[in-house]
Amino acid sequence: MSKKDPAMGPDPGGHERFVGRTGELATFGTLAAAVRGGQPWLVVVEGEAGIGKTWLIRRALSDLRGFAVWWARCDPLERDWPYGVVEQWLRGIEPDSLASFAALSGRLAPHTSPVQAGGELLELLATAQGRGPVALVLDDAQWADEVSLRVIGFIVRRLWRDQVMVVLAARTPPLIEAVDTSSEHPADPHEASWRCLVTGAQHTRALRLKGLDSRGVAQLLAASAGRKAPVGAAERLLEHTGGHPLHLHAIIAAATPEQLAGEEEHLPVPDSLADAVRTALAQLKEPSRMLVEALAVLDTCVPLARAARLARIDDPAGALGQALESGLVHWNPDDPTTPVGIRHSLQREAVYQAMDPCRRRTMHNAAAALVDTDTAWVHRVAAADGTDARLAAELESEAGRQLEAEQSDRAATLLLWAADLSTSRTEYERRLLLAAMRLHSLPYHSGTRRFTLQEAVERCAPSPLRSCVLGRAATAHGDFAPGERHYLDAIATARATGDRRTESRARIWLASLYSWQAERPSASLALVGDVLDHRLLDPPARAEARFTLIFATGLHHGPRTALAMSKDILALPDDPARVTREDHTALAVRAMLRLAVGERAAAQRDAEMVLAPTRVETGLATLTARSTLALCHYQAGRWQQSAEVAGHALAQADLEGLLSGLPEAHAWAAMAAAGQGRPVAARSHLDSCRYWSERISPAMYAALPAVAGAVLAQAHADHPRMMDHLDSLTRLPDTGWHRLNRQFELPLYLEALTATGRLAEAEHTLDELRALSGSAPALGLIADWGTGRLAQAHGRLDTAIAVYRRALTRPVTIDEQPFYRARIESDLGHLVLEEGDLQTAAPLLCNAHLHFTALGAAPYAHRVTAALAACGLRPAPGLTRPSGAPPDAVSDSPMSDAHGFYVIGLDLLSAWALSVDHAHLSGVDAAPPPSS
């Protein structure tokens with residue numbers, strides 16, 4: 001799979017000079033042995049710059065036989081390039097190995113979902129482990145792009161029995177000590193980015209590097225000088241540098257043997273590396289010094305010819321020789337282009353600072369013509385002398401083009417550069433605020449960058465744009481009241497100054513806040529209703545406006561009204577395959593509304609198209625589609641798939657910081673686990689659902705924990721507890737999830753009311769369910785089931801039996817919920833069994849058991865088993881649970897696979913039961929059982 005093994009990049013100086021660190025190397029060896037045995041590890045190597053983190057990792061991994069090493073190194077100038085780290089890992093993989101992966105096979109676009117990229121990377125790692133263990137290395141992790149960090153977090157939380165070692169090298173402060181899970185808002189802006197890595201891994205080890213001891217210093221001195229170190233030199237160097245390897249290398253390269261040996265000799269470096277680098281530069285001949293300076297300006301590893309062109313030297317090879325001897329430069333002679341670069345970023349910084357400012361600007365100006373267009377902007381900005389109105393305008397224009405290419409982080413970077421080059425405070429603040437707004441427009445990108453910009457935004461003069469950004473920042477942290485105040489101020493001041501663009505954006509964001517709080521959907525409609533006519537919005541803003549308008553309509557007027565309105569506002573073709581990627585947010589809204597009115601199959605098609613691999617996006621549209629699809633699978637009886645999709649939704653909400661998706665995803669996961677007979681998992685998800693519902697928006701989500709709790713009690717046949725959960729629904733306002741999904745709540749409420757004797761209320765609930773079934777035919781079967789349950793509760797057993805029989809003659813529809821057909825078969829079977837009619841009860845109970853088993857509804861299948869025993873039948877071993885599955889596993893085998901698995905005690909039923917085909921088990925009219 002790998003093009004080279006190990007894929008470790010250029011060696012920073014060779015292992016022959018590696019000294020000390022015996023304890024750390026032994027730790028690597030121990031952890032590698034555990035990884036070979038299927039125990040994944042996350043190793044964090046931390047320490048100050050130049051302490052030897054990279055050298056330790058390279059040396060440690062070179063000693064690990066059989067490991068494939070995927071290496072990535074971060075650069076501070078590339079933090080705004082999404083998936084930069086992941087793409088570096090993939091460069092060492094043969095293209096044929098990536099062909100089957102939709103996201104990884106091409107360039108990872110900014111809109112690619114971290115969930116999809118992380119899932120495919122996990123599959124790729126699983127394939128790679130077929131050849132041996134894998135080490136994923138990330139050097140200078142403090143500069144990693146945030147999307148890659150989210151992908152890495154996704155991966156480390158899902159490594160269980162994998163032969164994978166994830167190695168991160170990062171500068172101090174210590175990453176693991178910095179994590180405080182009790183803190184809602186981390187004090188350090190980088191902390192949030194690391195939280196998912198350090199706390200998510202199963203096994204984590206931190207290696208905190210300090211300076212070398214006297215023995216290590218002596219070994220380094222001997223290795224560098226090629227002879228035994230002078231007496232006392234190691235102690236002098238240790239005292240002078242604290243054993244810091246980078247400082248040691250710089251001093252040893254610059255000092256003479258006499259200086260190292262003589263007690264009275266002054267070492268060529270005072271207390272700083274910068275002085276050592278200046279000394280080394282001063283000893284270079286002019287061509288070599290100019291080459292080193294050119295490399296410092298280019299700030300990356302480049303072909304020697306390009307660096308020589310910038311330095312304007314005629315003999316590049318000759319200049320390179322002395323530069324290499326200085327210890328400042330490394331090169332890769334095996335590459336035909338002879339790539340060279342400054343050995344360490346601190347050395348580069350020291351060289352750069354030592355240069356004459358005029359020479360720096362001149363070289364940056366020349367470098368702009370030698371690099372690609374994107375990199376050229378860095379050099380043009382560095383070459384600017386003070387403010388530059390023309391360059392600032394060009395940067396702002398380029399930011400607009402980057403937005404068209406969906407490179408929002410890059411656009412924000414360009415705007416920030418433009419702000420620094422602005423000739424007036426007004427222009428500076430406007431561009432700064434535009435950059436902050438771009439970062440806030442994509443809540444799943446650049447959380448750290450938004451955090452660091454917050455103080456600068458607050459220092460800006462009051463303006464509509466400032467208020468708008470502060471409102472978004474407040475709501476992103478869940479501070480809804482301050483957010484509302486900022487939005488209202490932005491709207492008022494923008495209207496007064498004629499800034500219609502900012503007013504429109506503030507209205508959309510405030511409407512979105514009101515919608516997700518579900519407290520004022522009418523206010524939300526008033527805010528966003530005419531924004532779409534302003535023609536002042538960019539495509540993302542228009543998409544959010546349409547989403548908010550339709551969503552608020554559903555909360556205020558109900559899903560059917562919203563769906564009807566969406567036909568004009570969304571203007572989508574009925575076939576989701578014809579919907580363009582720009583309209584995926586609208587398609588996600590339609591999927592949600594279609595499910596809410598009972599059009600499950602159509603909703604599923606819409607949601608699946610939003611999530612199609614060739615069109616996948618991040619953000620609210622994808623999360624909404626995943627939530628809708630999870631509930632589609634649940635209603636269709638595909639509970640295992642529902643649990644899986646809910647898990648993907650949880651991962652996305654976590655990765656992208658979209659907290660609004662957590663209540664629903666936890667609710668669906670809880671219901672699927674409850675139906676499958678996994679109560680511990682169900683309760684855990686229920687607790688999380690309740691926590692996030694209360695934290696984010698009780699008015700919007702309060703129905704979710706009530707419904708999920710009722711489903712868990714239903715699985716245990718605990719109807720009083722079920723009623724306790726559902727009674728809270730009567731106290732909710734007629735908005736929020738409660739309004740959008742009433743058709744999902746009613747069957748649960750009806751069951752609990754009839755089982756607890758509250759029959760008058762059950763009558764009203766049944767009337768409401770029947771009314772909904774008029775426009776949602778799939779609810780007709782559930783209404784029949786509710787009618788039978790109510791008749792049974794009144795003691796009218798003949799009526800109940802007749803209703804149930806009539807219900808089973810209903811043809812199966814595409815939107816039917818098979819769980820309720822199985823409930824009818826079970827309830828009817830129990831009724832006729834109580835009347836002593838075993839021959840009629842047996843096939844009904846067999847069918848119910850087969851249905852429940854195929855659904856993975858273990859608690860319900862187990863309850864039918866007792867009734868089957870009364871008929872002289874029992875399921876064959878392995879019917880309820882797939883062979884080899886754990887006790888809490890879910891049966892997801894096709895119904896037809898269960899044929900003939902009953903041990904029949906009644907000869908009369910034997911031929912009938914064994915001939916039941918797939919159509920019968922799917923609820924289609926079956927031939928009647930043989931009569932006695």
Side-chain angles (χ1 to χ4, degrees), residues 710 713-724 726-727 729-730 742-774 776-813 816-849 851-852 857 860 863-864 866-868 870-871 923 925-926 928-929 931-932:
Q714 180 191 41
H716 289 87
D718 186 351
H719 292 106
R721 181 63 177 161
M722 192 177 177
M723 196 70 257
D724 289 341
L726 294 172
D727 266 338
L729 296 177
T730 61
R742 185 63 173 164
Q743 55 94 11
F744 186 66
E745 300 169 1
L746 289 175
L748 296 168
Y749 202 40
L750 183 58
E751 178 177 351
L753 289 169
T754 54
T756 55
R758 293 164 57 174
L759 303 186
E761 295 170 81
E763 290 279 5
H764 292 299
T765 303
L766 181 57
D767 289 341
E768 187 177 353
L769 183 61
R770 285 172 177 157
L772 287 176
S773 68
L779 295 179
L781 181 74
I782 303 177
D784 287 346
W785 169 75
T787 302
R789 296 278 297 190
L790 187 58
Q792 198 173 340
H794 279 295
R796 300 192 293 267
L797 302 186
D798 290 343
T799 301
I801 290 173
V803 170
Y804 288 146
R805 287 187 183 279
R806 185 172 61 251
L808 291 178
T809 65
R810 279 181 177 268
V812 176
T813 67
E816 179 176 301
Q817 298 184 37
F819 174 68
Y820 285 99
R821 187 173 290 271
R823 294 295 303 273
I824 293 172
E825 292 166 340
S826 174
D827 288 351
L828 179 57
H830 279 87
L831 273 181
V832 295
L833 180 62
E834 290 175 3
E835 294 187 346
D837 188 353
L838 275 64
Q839 293 181 358
T840 303
L844 289 166
L845 294 170
C846 286
N847 248 7
H849 193 279
H851 271 110
F852 286 137
Y860 302 91
R863 287 200 284 273
V864 175
L868 284 170
C871 298
D925 294 349
S931 64
S932 58

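The CG atom of Leu845 sits 5.0 Å away from the CG atom of Leu868 when rounded to the nearest 0.5 Å. His719 NE2 to Thr756 OG1: the interatomic distance, rounded to the nearest 0.5 Å, is 8.5 Å. Distance CZ/Arg821 to CG/Asp784: 10.0 Å, rounded to 0.5 Å. Considering CG of Asp837 and CG of Leu831, their distance stands at 11.5 Å, rounded to 0.5 Å. How far CD of Gln817 is from CG of Leu781: 9.0 Å, rounded to the nearest 0.5 Å. Taking CZ of Arg823 as the start and NE2 of His851 as the end, the distance is 14.0 Å to the nearest 0.5 Å.
The two residues Ala822 and Ala848 make their nearest non-hydrogen contact at O-CB, 3.8 Å. Considering every non-hydrogen atom in both Gly788 and Ala800, the closest pair reads O-CB, 3.5 Å. Considering every non-hydrogen atom in both Gly829 and Ala841, the closest pair reads O-CB, 3.5 Å. Nearest heavy-atom pair, Leu833 versus Ala867, reported as atom, atom and distance to 0.1 Å: CD2-O, 3.6 Å.
Here salt bridge (charged side-chain N to carboxylate O under 4.0 Å, His left out) pairs that include residues 757-769, with residues two or more places apart or in two chains, are Asp727-Arg758, Arg742-Glu768, Arg758-Glu761, Asp767-Arg770.
Surrounding CZ of Arg721 are at most 12 heavy atoms belonging to other residues, nucleotides or ligands under 6.0 Å away. Within 6.0 Å of NE2 in His764 there are 12 or fewer heavy atoms belonging to other residues, nucleotides or ligands.
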(request) Given side-chain contact (heavy atoms from CB on, under 4.5 Å), test Leu844 with Leu808 step by step and report yes or no. (result) CA-CA 10 Å; Leu844 289 166; Leu808 291 178; 3.9 Å; yes

(message) Assess the residue pair Gln792 and Tyr804 against the criterion (side-chain hydrogen bond (donor to acceptor under 3.5 Å, both in side chains)); give the C-alpha distance rounded to whole Å, side-chain angles, the decisive distance to 0.1 Å, and a yes or no.
(response) CA-CA 10 Å; Gln792 198 173 340; Tyr804 288 146; 3.1 Å; yes

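Residues Thr809 and Arg805 fail the side-chain proximity criterion, which asks for heavy atoms closer than 4.5 Å. Under the 4.5 Å side-chain criterion, counting only non-hydrogen atoms from C-beta, Leu838 is not in contact with Val832. Leu753 is listed as a side-chain neighbour of Met723, based on a closest heavy-atom distance under 4.5 Å. Side-chain atoms of Thr840 and Glu835, non-hydrogen and from C-beta on, never get closer than 4.5 Å to each other. Between Ser826 and Tyr860, every side-chain heavy-atom pair lies at or beyond the 4.5 Å cut-off.
Looking at Thr813, its side chain does come within 3.5 Å of a backbone N or O of Glu816 through a donor-acceptor pair.
Between Leu790 and the choices Leu750, Leu766, Thr799, the side chain to side chain contact (heavy atoms under 4.5 Å, CB included) rule is met once, by Leu766.
Qualifying side-chain hydrogen bond (donor to acceptor under 3.5 Å, both in side chains) partners for Asp827, counting only residues two or more places apart in sequence or in other chains: Trp785, Arg789.
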